[in-house]
Amino acid sequence: MFPNYDVIVVGAGHAGCEAAAAAANMGSKVMLATMNMQTIAQMSCNPAMGGVAKGQIVREIDALGGYSGIVTDHTMIQFRMLNKSKGPAMWSPRAQSDRMLFARKWRNLLEAHPNIDFWQEMITGILVKEGRCIGVRTGMGLEIKSKTVVLTNGTFLNGIIHIGEKQFGGGRAGERAATGITEQLVELGFESGRMKTGTPPRVDGRSLHWDRMETQPGDENPGKFSFSDTPALENQTPCHISYTNKEVHEILKTGFDRSPMFNGRIRGLGPRYCPSIEDKIDRFAGRDRHQLFVEPEGRDTCEIYVNGFSSSLPEDVQFKALRKIEGFEDAKMFRPGYAIEYDFFPPTQLDISLETKLVENLFFAGQINGTTGYEEAGSQGFIAGANAHLKVNEQDALVIKRSEGYIGVLIDDLINKGTKEPYRMFTSRAEYRILLRQDNADLRLTPKMAALGMSDMDERMERVKQKESSIESIRKFFEKTSVGEDAMNPYLESVGSAPLKQKVKLINLLRRPGVNIEGLAQVNAEMKQYFGQFDDEILHSAETAIKYEGYIAKEKEMAEKMNRLEDVKLVEGFNFDEIKSLSAEGKEKLNQIRPRTIGQASRISGVSASDISVLLVHIGR
């Protein structure tokens, strides 16, 4: 009935879709198994992609050949570049998506792929023989064989939904939980835990008073996520902003005694940086209001997502409180918010390839690893799917270093430090964030996948070469062009910069605060014509490379020093117990994580600098 697959992916959320696409595009025969074909790539929570650090991840997925950026560009209804008032390392793209179109586009791409088959049924276990995963078992008792398996179960593993004092099994509203896998993995020796996340109520946009809220439009010149030729966004849909108030808070407090958050029924830890509204008013009691983003679910629906009002309070309390928010006085609720508690597996049980240490050929990706967010899940799915293919073909794993991408930071943090609460990516987690900008993800990562034989990379590599050539051409223009006071001083005065007293090279002017290519292009016809031949992103990348040249060089030097430790490999099965000079905690953590390199060992919590020195001496370095 079934062929012997190279890769079976369990779960068709963001991680599962990227895993299936990555393995298939590298040449593997893939089965994507899901409990419901109608919810492939469902945006379970907010209808948006990107944001601070998350936008960089989406661009990195795209640069590697994943589909998240392409799907987002085809289905977004608003685009904003966040943090533009800060330096370019902080610029983060974010898109408001049409939820139904997003899922449809993903499904169309997957169904069009000749290497991907589908199976709709609950997967209740994996097939293991002599310590190796060889397939999956379904709820009907079918055994489907595969050389590798990628588990991307999201919030479905023994999921429990909480609304006030009500609780019931489910992996998402209206969908049942998945059972069997956790119990089997624990029997095999895996450690499991519980986590919690939540979602806000959905309301009827026809019942809201939009004129009483602040309008939040998209960028005047919207950008995009994919480095490929995706359509430009037109006719953006605005979001809106409103706020809670003291009356809202008092009403919410009346439900605290029935809240699963406060009465102990929820054991799992929730996301620290995306707390529920009841958690906010409890932890930040001194604040009179909290900001809410009122987000449309799509162009052709009146369903509205109330971002910032995540709640597991009783539905009657949620409804009463909502109606005290400005603009929501007559709000109708489609469904209440809820919390969901689910199983995860601490990611220190994974190798850097996302393959499990206990069972060979078994990979984990997404919320099963303790992360939160579509972007974090999608990036892990891509890496797990690619590495499943590489494992089948006996090739070295794809590893993104911390100095090469936010994806590298994410996976390195997970496998070396683990997480006890839902992990979310921030720019502050990346020590090389000037190198890891959203504008240069293609320059950093596309050559890496082209070298591995990912399909459709020839055109992408041609774009990368053209971009590199254009940036170099712009730099040479700045180095050779001199400008005088007559042409430049009016512009310099307009940006509050000191006037010129003699001719200077244009590159020296660009390094001044406040001076930018956009302004220089208006100085004279020659510059306007020259810069006009390049698109905005290339001009921005060239400007950043020139303005921050010293900082970029310093970070590259730091990264190279650290990467030298990454090149010092530890042999498989290295016996840390025989090194007497290691600290007791160092030995314990090294034996638990089993690092591949000295660099990885140096980032493990509990492994001291002196432990690293002892290891270097022991291996003759």
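Values reported hereafter were calculated over all heavy atoms of this structure, with side chains retained and with hydrogens, waters and symmetry mates removed. Keep in mind that this is a model prediction, so the values were computed, not measured. For the single chain, residues carry numbers from 1 onward in sequence order.
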Exercise. Can you tell me how far CG of Asn307 sits from CD of Gln96, rounded to the nearest 0.5 angstrom?
Worked result: 8.0 Å

For this session: Begin with the C-alpha distance, continue with both residues' side-chain angles, and end with the deciding distance and a verdict on side chain to side chain donor-acceptor pair (under 3.5 Å) for Thr244 and Arg289.
Result: CA-CA 5 Å; Thr244 63; Arg289 68 177 194 169; over 6 Å; no

Exercise. Can you tell me if Asn563 and Ser403 form a side-chain donor-acceptor pair at under 3.5 Å?
Worked result: yes

Exercise. Do Phe156 and Tyr342 have ring centroids that are under 6.0 Å from one another?
Worked result: no

Exercise. What distance do Phe534 atom CZ and Ile517 atom CD1 have between them, rounded to the nearest 0.5 Å?
Worked result: 9.5 Å

Problem set entry | Polar side chain donor-acceptor pair, Ser541 to Asp439, under 3.5 angstrom | yes

Exercise. Less than 4.0 Å between a side-chain N and a carboxylate O, is that true for Glu431 and Arg402?
Worked result: yes

For this session: Quick one: sort the Phe79 and Phe225 rings into parallel, tilted or perpendicular, breaks at 30° and 60°.
Result: perpendicular

Problem set entry | Thr199 side chain reached by Arg335 side chain, heavy atoms, under 4.5 Å | yes

Exercise. Would you say the side-chain atoms of Glu18 pair up with the backbone N or O of Gly381, donor to acceptor, closer than 3.5 Å?
Worked result: no

For this session: In plain terms, say whether Arg59 and Glu537 are close enough for a salt bridge, that is, a side-chain N and a carboxylate O under 4.0 Å apart.
Result: yes

For this session: Decide, yes or no, whether a salt bridge links Lys54 with Glu376 under the criterion of side-chain N to carboxylate O below 4.0 Å.
Result: yes

For this session: Check the side chains of Arg437 and Thr544 for a donor-acceptor pair under 3.5 angstrom, ignoring hydrogens and angles.
Result: no

For this session: Indicate whether the side chain of Arg460 and that of Thr446 have a donor and an acceptor atom separated by less than 3.5 Å.
Result: no

Exercise. Can you tell me if Lys417 uses its side chain to pair, donor with acceptor, with the backbone of Thr348 under 3.5 Å?
Worked result: no

Exercise. Do His240 and Glu214 meet the criterion of a side-chain donor-acceptor pair at a distance under 3.5 Å?
Worked result: no

Problem set entry | Ser92 and Gln56 side chains, donor-acceptor separation under 3.5 Å | yes

Problem set entry | Donor-acceptor contact present, side-chain Trp91 to main-chain Lys86, <3.5 Å | yes

Problem set entry | Distance-only side-chain donor-acceptor flag, Arg433 / Thr427, under 3.5 Å | no

For this session: Check whether the side chains of Glu566 and Thr597 place a donor and an acceptor atom closer than 3.5 Å, and report yes or no.
Result: yes

Exercise. Between Asp73 and Ser226, do the side chains contain an N or O donor and an N or O acceptor separated by less than 3.5 Å?
Worked result: no

Problem set entry | More than 12 heavy atoms from other groups under 6.0 Å of CG on Asn108 | yes

Seminar exercise, completed: d(Ile538 CD1, Ser470 OG) to nearest 0.5 Å is 4.0 Å

Problem set entry | Sidechain N-carboxylate O distance under 4.0 Å for Arg463, Asp442 | no

Problem set entry | Backbone of Leu443 reached by a side-chain donor or acceptor of Asn440 within 3.5 Å | no

Problem set entry | Donor-acceptor contact below 3.5 Å, side chain Tyr338 vs main chain Ala173 | yes

Exercise. Quick one: which of Asn25, Asp62, Thr72 gives a side chain to side chain donor-acceptor pair (under 3.5 Å) with Tyr67?
Worked result: Asn25

Problem set entry | Between CG on residue Leu313 and OG on residue Ser259, distance to nearest 0.5 Å | 5.0 Å

Problem set entry | Main-chain N/O of Thr237 paired with Gln78 side-chain donor or acceptor, under 3.5 Å | yes

Problem set entry | Salt bridge present between Lys556 and Glu560 (N-O < 4.0 angstrom) | no

Problem set entry | Option among Glu278, Gln318, Glu341, Lys196 that satisfies the side chain to side chain donor-acceptor pair (under 3.5 Å) test with Ser312 | Glu278

For this session: Indicate whether any N or O donor in one side chain lies under 3.5 Å from an N or O acceptor in the other, for Thr197 and Gln367.
Result: no

Exercise. What's the spacing between Ser68 OG and Phe382 CZ if we round to 0.5 Å?
Worked result: 10.0 Å

Problem set entry | Flag, side chain of Glu326 to backbone of Tyr243, donor-acceptor distance under 3.5 Å | no

Exercise. Under 3.5 Å, is there a donor-acceptor pair between the Gln380 and Asn369 side chains?
Worked result: yes

Problem set entry | Proximity of His14 and Phe102 rings by center, below 6.0 Å | yes

For this session: State plainly whether the residues Arg194 and Glu421 are in salt-bridge range, i.e. N to O under 4.0 Å.
Result: no

Exercise. Looking just at side-chain N and O atoms, do Ser228 and Thr230 make a donor-acceptor pair shorter than 3.5 Å?
Worked result: no

Problem set entry | Cationic N near anionic O, under 4.0 Å, Asp219 to Arg94 | no

For this session: Salt-bridge test for Arg475 and Glu549: reply yes if a basic N is under 4.0 Å from a carboxylate O, no otherwise.
Result: yes

Problem set entry | Side-chain H-bond candidate by donor/acceptor type, Asn387 with Glu355, under 3.5 Å | no

For this session: Run the salt-bridge test on Arg603 and Asp413 with the 4.0 Å N-O cut-off and return the result as yes or no.
Result: no

Exercise. Are any side-chain N or O atoms of Thr419 and backbone N or O atoms of Pro422, one a donor and one an acceptor, separated by less than 3.5 Å?
Worked result: no

For this session: Spell out, as yes or no, whether a donor-acceptor pair under 3.5 Å connects the side chain of Asn416 to the backbone of Asp412.
Result: yes

